[in-house]
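Start at 1 and go down the list; that is how both ligands and their atoms are numbered.
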Amino acid sequence: MIRLSSLFQTLLVVCSIWRGVEGQMIGQYDNRHRIWARQNGNGNNNDNNNNNGQPDTSAFNIVNGRIFTPGLGIILAPQPFTPMGGDFLHVAIDVSGDGKLKVPPQNRDDQLTQVFNFTMFLTSNTLQKNFTISNITTTTPPFADIMNQEPGSTVKHVNFEWPDCLVGDGKEAIGETARGDYNITIHQNFRLNGSDFYSIFNLPISVTNSIEQFPGANQLLTNPAPGPLSANGGRMNCDMISNPMMSFSALVQSVNNPPGQPFQDIQIETSGSGQGGQVGGPGQANPSSNGNGNGNSNGQADAQGQLGAAYKSASIQYADVAFTAAVAVLGISVGW
Ligand SMILES: *[C@@H]1O[C@H](CO)[C@@H](O)[C@H](O)[C@H]1NC(C)=O
Ligand SMILES: *[C@@H]1O[C@H](CO)[C@@H](O)[C@H](O)[C@H]1NC(C)=O
Ligand SMILES: *[C@@H]1O[C@H](CO)[C@@H](O)[C@H](O)[C@H]1NC(C)=O
Ligand SMILES: *[C@@H]1O[C@H](CO)[C@@H](O)[C@H](O)[C@H]1NC(C)=O
Ligand SMILES: *[C@@H]1O[C@H](CO)[C@@H](O)[C@H](O)[C@H]1NC(C)=O
């Protein structure tokens, strides 16, 4: 197992050097490849938007402007490949499991399905940048836990003040500054049908519109207030919010993806805690389970088929992840 693991990890590294993996999701789903295929097979993630002048968003799962992720979060804004600028980056994300989950101040503990947390980073492989957008460090947005802000709202808004190295206009400043192509990288910890998962999703944007050194005072009327800001209320120094870059293979090893897209592939079940709401949570027979009619074991049975399931030992988990990722990369190379 250990030898296999390193073989596949080597393969993975070789392949990803040879040709970066396309797509927005880190790793892949198990046996329901519908979304994997769309996100990683058909995606055009180069920046020559040669699709009648429109970016090619076929690699995403977008339904009525709602972008589905490998987690419970559904992104409402921005749309992929949007050129951005202005005072701050605005992200809107539905954290309610499409209306099925409770949000604070209601108790959101549910033994079957619940959000644990979201963290976000503004990352660029090409520029080797990794800025903190939201990392649950303070109680001040955007570093606060987004689940606890805007109580009662199923949509959470993150207003991230562009840091100083992104100041500029158009593409001119590219090269001299850190302006250029980025991903809004969304990390999600959540429980789905009784099993815990961790996924990473990349939403590409380009920071090419005008960003002024001194943002207008009006932005402070925005709720939640844009941040982080420097001590004198200006843009933050980029070094202050920079994180090390993780290698692609380390990222793939870190995830523990669900067996399929929540909502589209997997029907979300909540226990409802006997407080009304959902009828008949646990106890539905699941074709892939042992049929013992227990909601929790349904989740686990499904989860074991997929890469890096929650209950495996670390080494087996990594071997699986590397294996599936290597196969996926090879799959793409064949058609290249
Ligand atoms: C997010 O949730 C996971 C799972 O409960 C936990 O291990 C992790 O510490 C949490 N992260 C933060 C930043 O709170
Ligand atoms: C954004 O993420 C995708 C998928 O992980 C990756 O292929 C692409 O290179 C990333 N873009 C940048 C600018 O780093
Ligand atoms: C969160 O991000 C800020 C800015 O990058 C950093 O100073 C802080 O140490 C981070 N917190 C954690 C827990 O990583
Ligand atoms: C960015 O930094 C965070 C915090 O250290 C880390 O969890 C994440 O994996 C990093 N992302 C990339 C793409 O390196
Ligand atoms: C969650 O439960 C539903 C209904 O029983 C089922 O269709 C689905 O496959 C389950 N998903 C997982 C990941 O267990």
Side-chain angles (χ1 to χ4, degrees), residues 12 15-28 35-36 38-48 55-57 59-60 67 69-73 78 80-84 95 108-111 113-139 142-148 166 174 178-192 195-208 238-257 310 325 328-329 332:
L12 172 69
C15 290
S16 44
I17 288 169
W18 176 64
R19 170 70 205 173
V21 175
E22 296 184 332
Q24 285 62 48
M25 169 183 174
I26 300 292
Q28 67 165 116
I35 292 174
W36 163 254
R38 287 185 59 196
Q39 289 196 330
N40 298 282
N42 311 330
N44 167 16
N45 65 351
N46 68 38
D47 308 311
N48 323 319
D56 179 357
T57 55
F60 293 84
I67 304 159
T69 69
L72 296 172
F81 303 111
T82 305
M84 306 197 85
V95 300
R108 65 185 155 108
D109 281 346
D110 189 290
Q111 66 190 36
T113 302
Q114 77 172 95
V115 167
F116 292 127
N117 52 51
F118 289 90
T119 54
M120 295 185 201
F121 299 87
L122 184 66
T123 67
S124 176
N125 301 332
T126 39
L127 297 163
Q128 289 288 298
K129 298 292 180 194
N130 181 3
F131 301 123
T132 305
I133 297 178
S134 181
N135 66 350
I136 315 190
T137 286
T138 67
T139 52
F143 287 175
D145 186 344
I146 65 168
M147 293 303 290
N148 294 330
L166 298 179
I174 290 178
R179 290 163 66 78
D181 291 335
Y182 280 85
N183 280 306
I184 301 169
T185 303
I186 302 178
H187 299 236
Q188 304 184 50
N189 276 288
F190 58 101
R191 178 175 294 159
L192 180 63
S195 296
D196 293 352
F197 299 104
Y198 170 58
S199 69
I200 305 177
F201 182 74
N202 280 327
L203 183 73
I205 58 166
S206 55
V207 183
T208 44
C238 284
D239 293 341
M240 304 290 289
I241 57 168
S242 288
N243 302 286
M245 289 295 286
M246 271 173 81
S247 70
F248 179 76
S249 54
L251 286 174
V252 171
Q253 286 177 9
S254 74
V255 298
N256 174 19
N257 287 319
V329 174
I332 289 168

| Can you list the atoms of ligand 2 that are under 4.0 Å from a heavy atom of Thr126? | 13 (C)

| query | Are Thr185 and Thr123 linked by a side-chain donor-acceptor pair shorter than 3.5 Å? | reply | yes

| note | For atom 11 (N) of ligand 4, the closest protein heavy atom turns out to be Asn130 ND2, 3.0 Å

| query | Less than 3.5 Å between some nitrogen or oxygen of Phe121 and one of ligand 4, yes or no? | reply | no

| said: With a 3.5 Å distance limit and no angle check, can you tell me whether Ser242 reaches the backbone of Cys238 through a side-chain donor-acceptor pair? | reply: yes

| note | Among non-hydrogen protein atoms, atom 14 (O) of ligand 4 lies closest to Met246 N, 2.6 Å

| field | Close approach of Pro204 to ligand 2, heavy atoms, under 4.0 angstrom | value | no

| Under 4.0 Å to a heavy atom of Met245 - the qualifying atoms of ligand 4, by number | 14 (O)

| Are side-chain N/O atoms of Ser124 and Asn183 paired as donor and acceptor at under 3.5 Å? | no

| said: Around atom CE of Met246, are there more than 12 heavy atoms from other residues, nucleotides or ligands closer than 6.0 Å? | reply: yes

| message | Taking 4.0 angstrom as the limit and counting only heavy atoms of Ser124, give me the atoms of ligand 2 inside it, by number and element. | response | 13 (C), 14 (O)

| said: Less than 4.0 Å from atom 7 (O) of ligand 1, is there any heavy atom belonging to the protein? | reply: no

| task | Name the orientation class of the two ring planes belonging to Phe197 and Phe190 (parallel below 30°, tilted from 30 to 60°, perpendicular beyond 60°). | result | tilted

| Which part of Asn125 is near ligand 2, with near meaning a heavy atom under 4.0 Å away: side chain, backbone, both or neither? | both

| remark: When distances are taken from atom 9 (O) of ligand 1, the protein heavy atom at minimum range is Asn117 ND2, 4.8 Å

| query | Just which atoms of ligand 4 are under 4.0 Å from any heavy atom in His187? | reply | 8 (C), 9 (O)

| task | Please determine if Asn202 has a nitrogen or oxygen closer than 3.5 Å to a nitrogen or oxygen of ligand 2. | result | yes

| message | Please identify which of these residues, Phe116, Phe121, Phe118, meets the ring-ring contact (aromatic ring centres under 6.0 Å, His included) condition with His187. | response | Phe121

| query | What residues, two or more places apart in sequence or in another chain, satisfy side chain to side chain donor-acceptor pair (under 3.5 Å) together with Arg108? | reply | none

| Side chains of Ser134 and Thr119: closer than 4.5 Å at any heavy-atom pair? | no

| query | With a 4.0 Å cut-off on heavy atoms, is Leu251 touching ligand 4? | reply | yes

| message | Is there a polar contact, in the sense of an N or O pair closer than 3.5 Å, between Thr123 and ligand 2? | response | no

| Under 4.0 Å to a heavy atom of Asp181 - the qualifying atoms of ligand 2, by number | 13 (C)

| request: Starting from atom 5 (O) of ligand 1, locate the nearest protein heavy atom and write down its residue, its atom name and how far away it is, to 0.1 Å. | output: Phe116 CG, 3.7 Å

| request: Please round to the nearest 0.5 Å and tell me the distance separating atom CG of Asn130 and atom CE of Met245. | output: 6.0 Å

| message | Let me confirm one number: the CD1-CD1 distance from Ile26 to Ile200, rounded to the nearest 0.5 Å. | response | 5.5 Å

